[in-house]
Each structure stands twice: as C-alpha cells, then as structure tokens.
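Worksheet for the structure shown next.
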Amino acid sequence: MAEQHWDPSRLFEGATGRGYAVILLNQPILPVHRSSFLKLWCGATLRICADGGANRLYDSYFAPDSSSTSSVVSDVPEPHDIIGDLDSLRLDVRSYFEQKGKTTVRHVASQYSTDLQKCVLRVEELETEGAQAEQMDLVLVGGLSGRLDQTMHTIHVLCQLSPLESSGERADTGPPRRHKKMPRAADGEVREGESEEDDFATLQKRKTTYVISENSVAWILSKGNHSIDVDDDRLFGPTCGLLPFELQLDSSNSAAPTSGAIIKTQGLEWDLDGTPSAVGGFLSTSNHLRKGQQIHVQTDRAIIWTVELRSDQS
Ligand SMILES: Nc1ncnc2c1ncn2[C@@H]1O[C@H](COP(=O)(O)OP(=O)(O)OP(=O)(O)O)[C@@H](O)[C@H]1O
Ligand SMILES: Cc1ncc(C[n+]2csc(CCO)c2C)c(N)n1
C-alpha cells in the first residue's frame, strides 16, 4: 500500500507548493509562536477567523500597541472571512476589519454546528465555487487546549474530515450525507436565525488537515502507511505521541494489552512494534523523534499523531 506523505514544515515557510486554508480559532496566539504563526497566516491561500479568533488576530498584529511586544509587523493580511454566531467577535474588531474592506463578516446562527464547523463548510463552499478542482490542505489553528469539550470537538472535527484509509490520492469528497435529526433545545423552540432544517454538520472528507495548537502540531493518521517529515529541529520536537481512540478499561495491565490499534513505527527513540495500543492500556506518549530520521508509521486503524511545536527562535 502506498505511503501518505506528511510535511508540515512547508506551512511555516510561506506559500510554497499546494495552497492551504487557515481557520483561526478563538485561542491565544502565544508570543513565542507569534512569528511562526505569521508565516503560516501570510502563506495561506484562504484565511478565515472563527468568530472570536478575529479578536486574537487583531490583538496580536493589528492593535495599535501590538507591535511593541515584538518586532514591527507590517502588511499582515486581513482575514477573507470572519464566520460564526458572532457572540465572541468584539465590536471594535468587527468594525476595524470591515472598514479595511477586505473581510466579509458572515453571521451563521445554527445552534447545531460550531463556529469551527461553519468555517469548514465555508472552505468547502469556496472550493466548490472555485475554478481549482483540487481541495486545499486545511490548517486549524488553536483548539487543542482550553476547554475540554472544545478540545474534544476539535478532535471530533478532525475525525469528520479524516478518510477511512490513507492513500496517495485526494480524499473522495462525494455528496454530503445527512445525519438523522437530533433533538431540539429543551424548550423545543427554533431560535431566531435557525431553521427547522438545522442539523449537526456533516463535513466532506479531506486528504490533509493539520491542527496547530499551543505546543503541538497534530493530525490523524488513517488506517494504512504514512511517512512523516518533521526533521526540522528549529520547528519540531523533541517529543511526539501516537494516540489511539480505543479505551482499555478492563483489569489487564499495560504489560499485557489485549486490544487496541496495531501500530508499527520506524524513526522514533522508542519504536512501536505492533503491540496493541489503547488509552488505559499501552500508550506511547512522550516519545522522541530521532535526529535526521524520516518517520514511518503503519497502523491498522486511525490514530492521532502529535509532535511538539518549538517556540520561535529569536
Ligand atoms: N476554550 C476553548 N478551547 C478550545 N477551543 C476553543 C475554545 N474557545 C473557542 N474555541 C474554538 O474557537 C472557535 C470560536 O470560538 P468562539 O469563542 O468565538 O465561540 P464559542 O461560542 O465559544 O464557540 P462555538 O460557538 O463554536 O461553541 C470555536 O468553535 C472552537 O473551535
Ligand atoms: C445534543 C446537543 N448538544 C449541544 C448542543 C449545543 N450546541 C452544539 S453546536 C452549538 C453552536 C455553538 O455555536 C450549540 C449551541 C446541541 N444543539 N445539541
């Protein structure tokens, strides 16, 4: 089976190769990642802020005092869109970007999809309208730390976007499927701006989605074979983790795991040999990259791969 190749370092080098879309969530842009985030943001083909994500962008790069915390940054591109229920977007930030004239603020009221999902749906819409036949790569910024339900939701969206099996091909994006109707709010009311047709979002599968959040870059490795290029030690490492979705809650201990993902790796300090891996059973966290090594992973089901994101070099 062909390997799927992953090379997130190109995202921090400015626009090279295939286009990518960035969705900025409402999570801190750490001062230590201010310059790497800027490269990622400037190199993107499509820049979207999820609701209060626009406040973070404004405070880090556009507010009058934002440049005093670091070197002066000029010509930071504005977002193409700010999308969500807009309960977090500040008025001053909204009017700043609206007056600049490059940003469209889109209010989407649904109480059944999150601001993040509304942004992904917008990326899908633009790809369908656009001339380019190819899906863009997608980068979510933020969303793995902060509130636990939001963290889990970010992982949920990664799963929604992830194809069942890895392949060298683009993901099959067939027509969107509908879920069965979910319960209304306890009062049974359809709120202002919602429609009776509102439902939990179903997202199209995508070949390449990364999440970059605080100190980690993470993505899903689908069932199959993968090669991972995170050899740039100015950006990545030293730690990484291979995180399965299965739970092992029975009484057997991690020395004798009974079930879980069968994962084999090459290129790590503690390579995995196919011992079943599960949360509560045998789990590889705080593993280490090995210098100069490309990493190969073979897995019999989807897992999360996470690698440490280093602070900007001064
Ligand atoms: N505390 C948090 N931890 C992790 N991710 C977050 C957190 N807060 C917001 N996000 C992400 O940023 C997006 C925009 O968040 P914002 O605060 O603007 O709206 P929200 O009302 O909290 O989110 P939503 O309406 O999607 O529930 C969310 O959809 C979510 O993906
Ligand atoms: C079973 C169920 N759980 C939670 C929500 C709430 N909810 C989910 S997404 C969303 C929009 C956030 O901007 C809200 C309010 C729901 N509708 N149904």
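First listed ligand is number 1; within each ligand, the first listed atom is number 1. Everything numeric here is computed off the predicted structure, so don't read it as measured data.
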A student checking ligand 1 against Gly52 at a 4.0 Å heavy-atom cut-off should list atoms 18 (O)

Checklist entry - Non-hydrogen atoms of Gly84 versus ligand 2: any pair closer than 4.0 Å? => result no

**Request:** Measure the acute angle between the ring planes of Phe62 and Tyr58, then classify it against the limits of 30° and 60° as parallel, tilted or perpendicular.
**Result:** parallel

If we number the atoms of ligand 2 from 1 as shown, the ones under 4.0 Å from a heavy atom of Asp85 are 13 (O)

The ring pair (Phe, Tyr, Trp, His ring centres under 6.0 Å) partner of Trp6 among Tyr210, Trp305, Phe236 is Tyr210

Review point. Ligand 1 and Asn26, any nitrogen or oxygen pair closer than 3.5 angstrom?
Key: yes

Below 3.5 Å, N or O to N or O, backbone or side chain included: is there any such pair between His153 and ligand 1? no

Note: ligand 2 atoms sitting under 4.0 Å from heavy atoms of Ser110 are 11 (C)

**Asked** Just by modelled atom types, is the Ser162 backbone N or O under 3.5 Å from a matching donor or acceptor in the Lys205 side chain?
**Response** yes

At under 4.0 Å between heavy atoms, what of Leu144 touches ligand 1? The answer is neither

- For Thr154, is the nearest heavy atom under 4.0 Å from an atom of ligand 1? no

Practice item. Evaluate the salt bridge (charged side-chain N to carboxylate O under 4.0 Å, His left out) criterion for residues Arg206 and Glu127: first the C-alpha distance (whole Å), next the side-chain angles of each, then the deciding distance (0.1 Å), finally the verdict. Key: CA-CA 12 Å; Arg206 312 184 72 84; Glu127 286 173 336; 2.5 Å; yes

Answer yes or no: does an N/O atom from Ser88 fall short of 3.5 Å to an N/O atom of ligand 1?
yes

Taking only non-hydrogen atoms of Ser145, do any sit less than 4.0 angstrom from ligand 1? yes

Query raised in the report: For Thr114 and ligand 1, does the shortest N/O to N/O distance drop below 3.5 Å?
Result: no

(Q) With a cutoff of 4.0 Å, is Gly143 in contact with ligand 1, counting heavy atoms of the residue only? (A) yes

